[in-house]
Structures are given as C-alpha cells and as structure tokens.
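Below is one structure, written out as structure tokens, with a few remarks after it.
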Amino acid sequence: MPGFDSIEQLRDAFTRQRYLMDEGLATVVFLAQRLRKPLLVEGEPGVGKTELAKALATAKNAPLIRLQCYEGIDVHHALYDWDYPRQLLQLRAGGSAPLYSEEFLVRRPLLEALAHPGAVLLIDELDRADDEFEAFLLEFLSDFQVTIPEVGVIRAEQPPAVVITSNRTRDLHEALKRRCLYHWIDHPDLRREVAIARARLPGVSERLAHQVCAFVQDLRWLDLYRSPGVGETLDWVEAFHTLGREEIDAATADRTLGTLLKERDDLERIRGDGLEALVDRAGERATELRQEGGAGGAA
Ligand SMILES: Nc1ncnc2c1ncn2[C@@H]1O[C@H](COP(=O)(O)OP(=O)(O)O)[C@@H](O)[C@H]1O
Ligand SMILES: [Mg+2]
C-alpha cells in the first residue's frame, strides 16, 4: 500500500484524481496518514468532504469502505449482524453448522474495514448519528478490535485510514475529537473553484467556468438559507454547457437556477432581486480574471 513521501507528493496524487487541495488540507491529510490518526473534517455541505475520502482511497490504491451515518444507526448496521433467513433455513434443514458462527455473520462496514489491511474507512456525516453511536465509535477507533461473543475477538492487522465527516448540524464529542486530527474545509476561493471546475469539466469554455464561479462566489456572501456547494457550481456550469451557452445570460440563468439553489425562498429572493446585476458582475469578474491570467491553471 503506497504511502506518501511528502506533502507535495500527496497533493500531486490528489490532483491526478482531480481533487484540488490547499496547503492546510494537504498537510493534515499527510499527517493523519503518518501519525495513523483518524481525520475529522467538518464543513458546509458540498465543500468536498466525502470526495476527499474517495480521492484518498484512489490515491493510495486502497479499497474505500463507507459507512453512511443516519439517525438511529446502530451496531447492527455499522458492525455486524446475523443472517437470520439463512439461519432459519439451516434450522429447517437440520444442518449441523453452528448458527452463531462466522458462516452466518453479516459483515457491515466497520467489521469489513478490519478485514482489509490498509483500507480507507469513510464514516460519513457522523453528526446525523446519535450520542450512543458516537460513544461506540470512539471505542472502535481506540483499539480497532471487536468482540463478537459467539465468535471471538476480531482485530485489524493494520488499522484502516479513517476519514470522519460532519456537516456540523451538531457538535461532536470532545473525546472523539481528541482522538482525531481536525480540519475545517471552507468553500474554495474564486481561483480554486475555477481550477476545480476546469479540472472536473475540461470540455467547457474558460469564460463560462470563470463566470459561473464568480456568480456563485457572490451568492455565498448573501446569507442564503442554503449556499451552493462546489458540486452545484459544477452542475450549473454543465447546465449552461449542455444548453449550448458558452457564457451566462440572465434568461438562461433564471431558467436553470434550480441547479444551483434548492430552496424556494432562496430562488425567489435571487430571481426577485438582482439576478441581472449578479450576471453582469460575474461577466466583469470573468474579464478581470482573464486579464489577471493563470486562474484557469492549477491552483
Ligand atoms: N477540492 C475539490 N476538488 C475537486 N472537486 C471537488 C472539490 N471539492 C468539492 N468537489 C466537487 O464537489 C462535489 C461535492 O463534494 P462532496 O465531497 O460531495 O461534498 P460534501 O461531502 O462536503 O458535502 C464532489 O463530487 C466534487 O466533484
Ligand atoms: Mg458528503
């Protein structure tokens, strides 16, 4: 399982996955690998938290094992369960295999991660799970071993690289944070967002990417109910491109605004007030960017 020799090399490996990171994020990802610590990343939806774990797995050429958290998630969803239908069949057929043995064990993501040396374990949106589950997870992260009474102790030969994400709908516990390295991911600045759009959507015009990113950057200052993330920026660029527009214009912006904004109040607010001004301003910013040069290259 290839590790990373330096922060630079790590960053290059991510760039090849078309995941662009700044110095701070690259450093903390590097350190988490070296110190073998779980990495906790928080940030608004759409800033690239989930994608970070995916890119890490690809960059390390390691399997990605994902545990999506939700309200009410428990050990049976996260760790293991028993295959009741098959146990029942075996009972009926009068078979001899013990019912609570590995044969009838269903491995959920956390157990799966113990079985794959060097895997990347993504624990996604932990803020959605409840306290009890977080406490259990803390225990799991402390020793990467699990006791299944009927089977015994299962231990990781080599602990997985763990990435935990949170949209910060609630605070995670101090104890969990203490176990992790921490990074807050902000929305990218204009130059980085342009670079991301150019990397992810190589077929679209530079001017369109510049304009859309400038527009979205302005929107993020408006204190909307829900600010668009990078994913939505990319969708909006693609929407224009698909409709054959290589520049943004107010009429098309109006018709496609639902690609970018997903709340009725936000849509009404932007449509009702200032859409044209925002489009004009985005055009001006794009021209400035072009004159400054270099914003289309690697950030
Ligand atoms: N730094 C980045 N480099 C490249 N693409 C990014 C980056 N950040 C976000 N994206 C894009 O934005 C999309 C949404 O990111 P995602 O990881 O799902 O956000 P989050 O998990 O924080 O809500 C991704 O699919 C990816 O295409
Ligand atoms: Mg996510």
Side-chain angles (χ1 to χ4, degrees), residues 7-8 10-30 32 38-59 64-71 73 109 120-129 161-170 172 180 182-204 208-210 212-213 215-217 219-220 224-242 259-263 295-299:
I7 297 174
E8 262 318 295
L10 178 144
R11 219 172 160 187
D12 289 347
F14 275 76
T15 303
R16 281 196 295 279
Q17 312 307 321
R18 301 188 293 171
Y19 189 91
L20 307 188
M21 42 183 25
D22 60 24
E23 194 81 6
L25 181 57
T27 303
V28 75
V29 173
F30 178 77
L39 171 62
L40 169 61
V41 285
E42 289 191 320
E44 303 280 308
V47 293
K49 302 182 297 296
T50 302
E51 196 70 22
L52 173 73
K54 293 184 185 169
L56 176 64
T58 317
L64 176 75
I65 297 169
R66 177 176 184 171
L67 177 66
Q68 173 65 53
C69 298
Y70 50 88
E71 215 184 309
I73 188 173
V120 173
L121 171 63
L122 165 61
I123 300 169
D124 215 6
E125 305 187 344
L126 181 57
D127 50 330
R128 291 184 179 208
V162 181
V163 178
I164 301 171
T165 82
S166 162
N167 288 330
R168 216 170 183 293
T169 55
R170 68 172 176 86
L172 299 181
C180 301
Y182 177 85
H183 193 76
W184 172 266
I185 305 188
D186 257 322
H187 287 296
D189 65 14
L190 178 55
R191 279 175 170 271
R192 181 168 306 278
E193 195 156 20
V194 166
I196 292 171
R198 301 283 286 154
R200 294 257 158 183
L201 305 168
V204 308
L208 179 61
H210 282 171
V212 167
C213 292
F215 187 103
V216 173
Q217 292 275 330
L219 276 193
R220 293 204 186 111
L224 295 170
Y225 185 77
R226 168 129 157 56
S227 277
V230 178
E232 277 125 0
T233 304
L234 298 176
D235 288 343
W236 212 35
V237 174
E238 270 200 295
F240 280 104
H241 183 70
T242 303
T259 317
L260 198 60
L261 298 173
K262 318 280 169 76
E263 294 293 334

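In each ligand, atom 1 is the first atom listed, and ligand 1 is the first ligand listed.
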for atom 23 (O) of ligand 1, nearest protein heavy atom and its distance come out as G46 N, 2.6 Å

From the list L122, L40, I123, V47, side chain to side chain contact (heavy atoms under 4.5 Å, CB included) with T165 holds only for L122

For P45, the atoms of ligand 1 under 4.0 Å from one of its heavy atoms are 23 (O)

Got a sec: is T50 within less than 2.8 Å of the Mg ion (ligand 2) via an N/O/S atom?
yes

Review point. Got an N/O contact under 3.5 Å between L52 and ligand 1?
Key: no

Nearest heavy-atom approach of E125 to C69 is O-CB, 3.3 Å

Of all protein heavy atoms, the one nearest atom 22 (O) of ligand 1 is K49 NZ, 2.7 Å

closest protein heavy atom to atom 5 (N) of ligand 1 is R200 NE, 3.3 Å

Taken to the nearest 0.5 Å, the spacing of K54 NZ from R66 CZ works out to 5.5 Å

Is V230 close to ligand 1, meaning an N/O of one under 3.5 Å from an N/O of the other? no

Among non-hydrogen protein atoms, atom 12 (O) of ligand 1 lies closest to G231 N, 3.3 Å

Shortest non-hydrogen pair, L39 vs A32, comes out as CB-CB, 4.0 Å

- Is any side-chain heavy atom of T58 less than 4.5 Å from a side-chain heavy atom of Y19? no

Verify side chain to side chain contact (heavy atoms under 4.5 Å, CB included) between R11 and E23, making sure each step is shown before the conclusion.
CA-CA 8 Å; R11 219 172 160 187; E23 194 81 6; 3.0 Å; yes

- Message: Is any side-chain heavy atom of Y182 closer than 4.5 Å to one of E42?
- Response: yes

The closest protein heavy-atom partner of atom 4 (C) of ligand 1 is R18 O, 3.2 Å

Taking only non-hydrogen atoms of G48 and a 4.0 Å limit, the atoms of ligand 1 in range are 8 (N), 9 (C), 15 (O), 16 (P), 17 (O), 19 (O), 20 (P), 22 (O)

Filtering I185, L20, T165, I196 for the heavy atom nearest atom 7 (C) of ligand 1 leaves I196

Answer yes or no: is there a donor N or O on one side and an acceptor on the other, between the side chain of N167 and the main chain of T169, under 3.5 Å? no

Closest to atom 17 (O) of ligand 1 among protein heavy atoms sits E51 N, 2.8 Å

Is the closest basic N to carboxylate O distance between E44 and R220 below 4.0 Å?
-> no

Note: ligand 1 atoms sitting under 4.0 Å from heavy atoms of T50 are 17 (O), 21 (O)

